[in-house]
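What follows is one structure encoded as structure tokens, with my remarks underneath.
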Amino acid sequence: MDKRLERILPRVQKPARYVGGEYNAVVKELADVDTRIAFCFPDTYEIGMSNLGMRILYGVMNEMPGVWCERVFAPWGDMEEEMRRAGMPLFALESGDPITHFDIVAFSVGYEMAFTTILNMLDLAGIPLRSADRTGLTPLVVAGGTAMYNAEPVAEFIDVVSIGEGEDVIVELVELHRQARREGWSREELLRRAARLPGLYVPCLYDVTYHDNGTVRAITPRDGAPKVVTKRIVQDMDKSYFPVKTIVPSTEIVQDRVTLELFRGCIRGCRFCQAGYVYRPVRSRSRELCARYGMESCNDSGYQEVTLSSLSTSDYPPLTELCDELEDFCAQRHVNLSLPSLRADNFSMNLMQRLARGRKSGLTFAPEAGTQRLRDVINKNVTQEELLRSCRTAFAGGYNAVKLYFMLGLPTETDEDVLGIADIAGRVMHEWREAAPNKSRGVRITVSTSWFVPKPHTAFQWEPQITREEYERRVKLLREAIHTKTVTYNWHDSATSVIEAVLARGDRKLCKVLETVWRKGGKLDAWEEYFSFERWQEAFAECGVDPAFYANRRREKDEVMPWSMISSGVTEEYLWRESERARQGVTTPDCRTRCGGCGANRLVGGTCHV
């Protein structure tokens with residue numbers, strides 16, 4: 001351990017974040033390694049170590065002979081202050097080496113509010129922020145993750161963007177980088193070759209021009225870069241890597257359990273949900289393999305909880321059979337099975353009984369909207385009757401806590417839709433009174449609302465976000481409409497959602513804003529302790545950028561989107577068709593009921609039917 005680190009650790013919160021040495025962490029001999037990868041998560045250790053995607057890619061890269069992938073997390077403010085004072089650069093957990101010693105610096109970015117932290121980590125490492133200022137083959141700065149489906153606000157800082165699922169493409173990029181070093185290519189040649197690999201977007205090879213009104217005029221590729229970069233996906237989940245020998249953290253993390261991925265994609269087509277579109281099509285892992293991975297992971301790690309995880313877990317066809325297969329193992333090892341947010345339209349007594357064999361924690365449902373009209377607009381395809389029936393089933397089975405998630409500011413939302421949320425909470429309370437066998441325990445109903453943020457590659461990518469003042473008015477309206485003491489109302493802070501909306505649909509002109517925010521002290525903007533709306537406002541003003549242009553403006557059908565060079569496999573025609581159906585209040589059946597012709601099946605060699 002670096003002597004400077006030894007002196008620093010007693011003076012910071014949660015020093016275990018920074019020491020490594022966890023069970024199952026991969027340590028290799030440098031003599032056996034020719035490529036070192038610093039795998040960076042632009043948030044704290046507790047958040048990054050809870051990310052399944054990071055664990056998967058860590059395992060994939062470390063299985064490559066001659067490659068050593070190490071983890072790097074953003075330090076908390078106290079640790080960063082001590083590191084800068086001691087002249088200690090950002091380092092990797094496994095070896096403790098500065099990340100300037102690494103060949104590739106790869107960021108996993110799932111949330112736009114992490115953008116400033118990327119800049120802060122590059123600076124703390126001593127790496128030039130801008131791609132144009134990095135002249136050698138190393139370090140190559142790479143970024144992937146859901147937030148990279150629009151990478152334009154960070155386009156000037158990232159060398160290569162990985163679009164889609166990274167298991168295969170990261171291996172190809174590492175091999176290309178090896179070849180470049182072996183054969184003495186220039187940096188420019190490496191980037192040109194990288195752009196030819198399917199699923200890789202190289203921002204510097206695209207010229208963007210603008211109209212006088214600030215909208216994008218054209219995006220022009222050069223030097224052989226493709227006009228459109230289509231995402232990469234894993235076609236066969238049974239052949240995909242799963243981290244059975246997962247790292248066991250030495251301090252508490254957010255998701256401190258085995259996370260068992262059942263399938264990727266979603267059949268539902270909620271029109272606001274970026275993940276639901278960009279992870280299409282649905283690809284399931286076999287029940288037998290899921291059961292084996294769950295048991296092996298618990299045996300290896302000692303964890304006593306398994307979360308069955310996917311975008312809509314209760315849509316996994318053999319879910320009940322999987323729970324049955326894991327039943328004896330869970331009972332013998334005192335392992336609890338848990339599911340994240342559940343679909344109210346397919347929550348059954350059978351499923352509840354299987355979950356209830358573990359400890360009865362609360363259940364979570366996400367109706368998203370307060371009226372059936374608005375649920376039809378967003379294509380939620382859940383009725384109030386289905387939600388209440390599911391709550392009744394849960395209360396009858398002994399549960400006494402339910403969380404309900406909604407969004408405010410959805411397209412076409414009215415005050416009636418907002419007040420409908422309070423009405424649903426009251427009806428759920430009534431179901432508890434009617435169905436609970438033991439009312440002495442009381443009931444806890446939590447209503448949580450977030451602020452709708454229009455995201456790229458969704459049917460609502462053309463829609464505006466409502467203003468901050470209007471959002472806060474609707475929060476107040478709902479808060480005053482909830483009178484029951486047993487109903488707790490939580491709402492999302494409005495300021496961060498404004499910036500999220502700006503970044504989500506932003507273009508390259510935001511690169512200057514991001515750097516300005518960072519130079520003013522911006523970092524860890526996903527945390528309220530560090531986020532400053534005033535700092536962002538100052539940066540917008542200094543850079544001559546109007547945030548409302550990105551957040552609150554309706555886009556036209558023929559407008560060139562800043563992310564038009566990226567394809568999720570879902571066609572623009574389909575997204576526009578869904579946008580029009582939303583305006584008409586017409587729902588689209590789920591993919592298993594009828595193919596909607598979105599285009600994504602072509603990624604796995606299938607066909608799509610309009």
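Annotation: the span from R268 atom CZ to C266 atom SG amounts to 7.0 Å, rounded to 0.5 Å. The distance from atom CG of N51 to atom CD of Q255, rounded to the nearest 0.5 Å, is 10.0 Å. To the nearest 0.5 Å, atom CG of residue N552 and atom CD of residue E463 are 12.5 Å apart. Separating the CZ atom in R257 from the OG1 atom in T307 is a distance of 4.0 Å, to the nearest 0.5 Å. We find the OG1-CD1 distance between T371 and I424 to be 8.0 Å, quoted to the nearest 0.5 Å. Within the model, atoms CD of E112 and CG of L503 stand 6.5 Å from one another, a figure rounded to the nearest 0.5 Å.
Using a 4.0 Å cut-off between charged side-chain N and carboxylate O, E165 and K231 make no salt bridge. Salt bridge status for R287 with E321: absent, with no side-chain N to carboxylate O gap under 4.0 Å. By the 4.0 Å N-to-carboxylate-O rule, E368 lies too far from R375 to be salt-bridged with it. By the 4.0 Å N-to-carboxylate-O rule, E385 lies too far from R389 to be salt-bridged with it. Using a cut-off of 4.0 Å between Lys/Arg side-chain N and Asp/Glu carboxylate O, R474 and E469 are scored as not salt-bridged. A salt bridge is defined here as a Lys NZ or Arg NE, NH1 or NH2 lying under 4.0 Å from an Asp or Glu carboxylate O, and R505 with E500 fails to meet this definition. At a threshold of 4.0 Å, the pair K523-E80 counts as salt-bridged, since one of the basic side-chain nitrogens sits closer than that to a carboxylate oxygen. Between E82 and R11 a salt bridge is recorded (basic side-chain N to carboxylate O distance below 4.0 Å).
With hydrogens and angles ignored, the 3.5 Å screen pairs no side-chain donor or acceptor of D590 with any backbone N or O of I267. Under the 3.5 Å distance criterion, the side-chain polar atoms of T313 are matched with a main-chain donor or acceptor of L308. Using a distance-only test at 3.5 Å, with no hydrogens or angles considered, no donor-acceptor pair links the side chain of K403 to the main chain of L363. Although no hydrogens or angles enter the test, the distance criterion places no donor-acceptor pair under 3.5 Å between the side chain of R71 and the main chain of A25. With S310 contributing its side chain and S312 its backbone, the two residues share no donor-acceptor pair below 3.5 Å. In terms of modelled atom types and a separation under 3.5 Å, the side chain of D78 and the main chain of Q13 share a donor-acceptor contact. For the pair E386 (side chain) and T383 (backbone), a donor-acceptor distance under 3.5 Å is present. At least one donor-acceptor pair closer than 3.5 Å links the side chain of N379 to the backbone N or O of G269. Distance alone, capped at 3.5 Å, places no donor-acceptor pair between the S297 side chain and the G294 backbone. Using a distance-only test at 3.5 Å, with no hydrogens or angles considered, a donor-acceptor pair links the side chain of R283 to the main chain of V234.
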For E70 and L93: C-alpha separation, side-chain torsions, deciding distance, then whether side chain to side chain contact (heavy atoms under 4.5 Å, CB included) applies. CA-CA 7 Å; E70 303 183 46; L93 286 188; over 6 Å; no
Evaluate the criterion ring-ring contact (aromatic ring centres under 6.0 Å, His included) for residue pair W76 and Y530; output intermediate values, then yes/no. CA-CA 10 Å; W76 196 247; Y530 287 97; 4.8 Å; yes
For R468 and E472, what are the C-alpha separation, side-chain angles and deciding distance, and is it a salt bridge (Lys or Arg N to Asp or Glu O under 4.0 Å)? CA-CA 6 Å; R468 186 179 183 188; E472 291 175 350; 3.3 Å; yes
Pair E261, M237 - check side chain to side chain contact (heavy atoms under 4.5 Å, CB included), show working. CA-CA 10 Å; E261 185 183 30; M237 286 296 290; 3.7 Å; yes
Report the C-alpha distance between N120 and T117 in whole Å, list the side-chain angles of each, state the deciding distance to 0.1 Å, and finish with yes or no for side chain to side chain donor-acceptor pair (under 3.5 Å). CA-CA 5 Å; N120 199 51; T117 307; over 6 Å; no
Apply side chain to side chain contact (heavy atoms under 4.5 Å, CB included) to the pair T458 and R271, showing each step before the final yes or no. CA-CA 6 Å; T458 71; R271 291 172 177 139; over 6 Å; no
Go through the steps for W432 and R392 under the test side chain to side chain contact (heavy atoms under 4.5 Å, CB included), then give the verdict. CA-CA 7 Å; W432 174 79; R392 185 162 58 247; over 6 Å; no
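Around atom CD of E529, more than 12 heavy atoms belonging to other residues, nucleotides or ligands sit under 6.0 Å away. Heavy-atom contacts from other residues, nucleotides or ligands closer than 6.0 Å to CD of E288 number more than 12. When the shell of 6.0 Å around CD of E296 is examined, it contains more than 12 heavy atoms from other residues, nucleotides or ligands. In this structure, R373 places its CZ atom where more than 12 heavy-atom neighbours from other residues, nucleotides or ligands lie under 6.0 Å away.
In terms of heavy atoms, L387 sits closest to P367 at CD2-CG, 3.6 Å. The minimum heavy-atom distance between T44 and F73, with the atom names listed, is O-CD2, 4.0 Å. When all heavy atoms of D300 and K245 are compared, the closest pair comes out as OD1-NZ, 2.9 Å. Of all the heavy atoms in I253 and M49, the pair that sits closest is CD1-O, 3.6 Å. S390 and F365 get closest at one heavy-atom pair: CB-CZ, 3.9 Å. Here the shortest heavy-atom pairing between Q384 and Q372 reads N-OE1, 3.7 Å.
Between L477 and D415 there is a side-chain heavy-atom pair separated by less than 4.5 Å. Side-chain atoms of C298 and R333, non-hydrogen and from C-beta on, never get closer than 4.5 Å to each other. At least one side-chain heavy atom of Y149 sits less than 4.5 Å from a side-chain heavy atom of S568. Residues S450 and Y405 have side chains not in contact (no heavy-atom distance under 4.5 Å, counting atoms from C-beta outward). Contact annotation: the side chain of M295 never approaches that of V306 to less than 4.5 Å [non-hydrogen atoms, C-beta and beyond]. In this structure, F41 and V72 have side chains that are not in contact, with every pair of non-hydrogen atoms separated by 4.5 Å or more. Side-chain contact between V282 and D315 is absent, with no heavy-atom pair separated by less than 4.5 Å.
Judged by distance alone, the side chains of S240 and E167 never bring a donor and an acceptor atom under 3.5 Å apart. When only modelled atom types and interatomic distance are considered, S301 and T246 share no side-chain donor-acceptor pair under 3.5 Å. T588 and R581 are linked by a side-chain donor-acceptor pair at a separation below 3.5 angstrom, with hydrogens and angles left out of the test.
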Compile the donor-acceptor pairs under 3.5 Å between side chains in residues 479-492 and protein atoms, sequence neighbours left out, one pair per line.
from	atom 1	to	atom 2	distance (Å)
E480	OE2	K476	NZ	2.8
Y489	OH	T449	OG1	2.8
H492	ND1	S497	OG	3.1

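D238 meets the side chain to side chain contact (heavy atoms under 4.5 Å, CB included) test with D236, R285, S286, L289; sequence neighbours excluded.
Sorted by first and then second residue, the ring-ring contact (aromatic ring centres under 6.0 Å, His included) pairs involving residues 276-312 (not counting sequence neighbours) are F242-Y293.
By the 30° and 60° cut-offs, the orientation of the rings of W451 relative to Y471 is parallel.
Between F39 and Y58, the gap from one ring centroid to the other reaches at least 6.0 Å.
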